[in-house]
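Report on the structure given below.
Source: prediction; values computed, not measured.
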Amino acid sequence: MYMSNYTAALQALQTLIAIDSSWDAINVLKMCSVCKNKLGRHDEALADLNKAMVADPHNVQVLQERADTKAAVLDYNGALADVCTAIQLYPEDAGPLTRRGHILYMIGQLEAALADLDNANGMRPNHELTLLGRGHVKHDLEIWAGAIADFGEAEKHAPLDEYASKQRTYAKERLGAAGGPVATQQRM
């Protein structure tokens, strides 16, 4: 979505807040935070998400969105706290596990990230974000065949971004240079 579309969406939501008192506060605040995040207004987005959490402290979608926002401003401890709370509240939901896996990847805890992403993939097989996360982690762990496979599966759902595309290409080159599968390839 173009920035002007996020600005227009945010203005529409703010108009709704101003003229209609019957709106669903949690969802409107969450939608406002999404727009503000896309516009780079992370502090305002966090303020909206904090208001939504006061209204419903057990809302897994708000916890996850707040974790994403905290990670965007490099508050990884806060992000992990939110996704851990979401996992405790909804252990059967793969979404918080995927998010925690992504955050653990960002802070360099690759083995823990892969464990979470593998568990999330077992709960919700072949979800694009889980597969992308697994591809990135396996790339960094030099599990080349696994990275290639996960990026390939993710691409079936949506085009890969430039970074993932480069990682897949590099993994293919490394796998080829190694003459095919090597010892680290056993973990797919």
Side chain to side chain donor-acceptor pair (under 3.5 Å) contacts in which one or both residues fall within residues 119-132, not counting sequence neighbours: Thr98-Thr130
Inter- and intrachain pairs under side chain to side chain donor-acceptor pair (under 3.5 Å), touching residues 70-80, at least two apart: Lys70-Asp82
Is there a path of hydrophobic side-chain contacts, each under 4.5 Å between heavy atoms, that joins [X] and [Y]?
{"X": "Ile107", "Y": "Leu74", "answer": "yes"}
{"X": "Val28", "Y": "Val62", "answer": "no"}
{"X": "Tyr105", "Y": "Leu114", "answer": "yes"}

Please report the closest heavy-atom contact between [X] and [Y], naming both atoms and the distance.
{"X": "Leu49", "Y": "Ser33", "value": "CD2-OG, 3.3 Å"}
{"X": "Ile26", "Y": "Ala55", "value": "CG1-CB, 3.9 Å"}
{"X": "Ala147", "Y": "Gly135", "value": "CB-O, 3.6 Å"}
{"X": "Leu29", "Y": "Ala52", "value": "CD1-N, 3.8 Å"}
{"X": "His42", "Y": "Ala72", "value": "CE1-CB, 4.0 Å"}
{"X": "Pro57", "Y": "Leu63", "value": "O-CD1, 4.3 Å"}

Could you work out, with salt bridge (Lys or Arg N to Asp or Glu O under 4.0 Å) as the rule, every residue matching Lys166, not counting sequence neighbours? Glu162
Does any pair with a residue in residues 147-175 pass ring pair (Phe, Tyr, Trp, His ring centres under 6.0 Å), and if so which ones, sequence neighbours excluded? His136-Phe151, His136-Tyr163, His139-Tyr170, Trp144-Tyr170
Side chains of [X] and [Y]: does their closest heavy-atom pair fall under 4.5 Å?
{"X": "Glu111", "Y": "Leu141", "answer": "yes"}
{"X": "Ile103", "Y": "Val83", "answer": "yes"}
{"X": "Glu142", "Y": "Arg174", "answer": "no"}
{"X": "Gln167", "Y": "Asp140", "answer": "yes"}
{"X": "Asn37", "Y": "Tyr6", "answer": "no"}
{"X": "His102", "Y": "Leu117", "answer": "yes"}

Within this structure, what is the [atom1]-[atom2] distance for the pair [X] and [Y], rounded to the nearest 0.5 Å?
{"X": "Cys35", "Y": "Gln11", "atom1": "SG", "atom2": "CD", "result": "10.0 Å"}
{"X": "Leu46", "Y": "Met53", "atom1": "CG", "atom2": "CE", "result": "12.0 Å"}
{"X": "Thr69", "Y": "Glu44", "atom1": "OG1", "atom2": "CD", "result": "12.0 Å"}
{"X": "Lys30", "Y": "Asp24", "atom1": "NZ", "atom2": "CG", "result": "10.0 Å"}
{"X": "Cys32", "Y": "Leu13", "atom1": "SG", "atom2": "CG", "result": "4.5 Å"}

Do the side chain of Tyr90 and the main chain of His58 share a donor and acceptor less than 3.5 angstrom apart? yes
Would you list the pairs meeting salt bridge (Lys or Arg N to Asp or Glu O under 4.0 Å) in which at least one residue belongs to residues 90-105, sequence neighbours left out? Asp68-Arg99, Arg100-Asp116
Of Arg66, Arg41, Lys36, which meets salt bridge (charged side-chain N to carboxylate O under 4.0 Å, His left out) against Asp48? Lys36
Are Val60 and Leu89 close enough, and set up right, to give a side chain to side chain contact (heavy atoms under 4.5 Å, CB included), and what steps lead you there? CA-CA 8 Å; Val60 69; Leu89 292 170; over 6 Å; no
Among residues at least two apart in sequence or on other chains, which ones pass side chain to side chain contact (heavy atoms under 4.5 Å, CB included) with Ala112? Leu104, Gln109
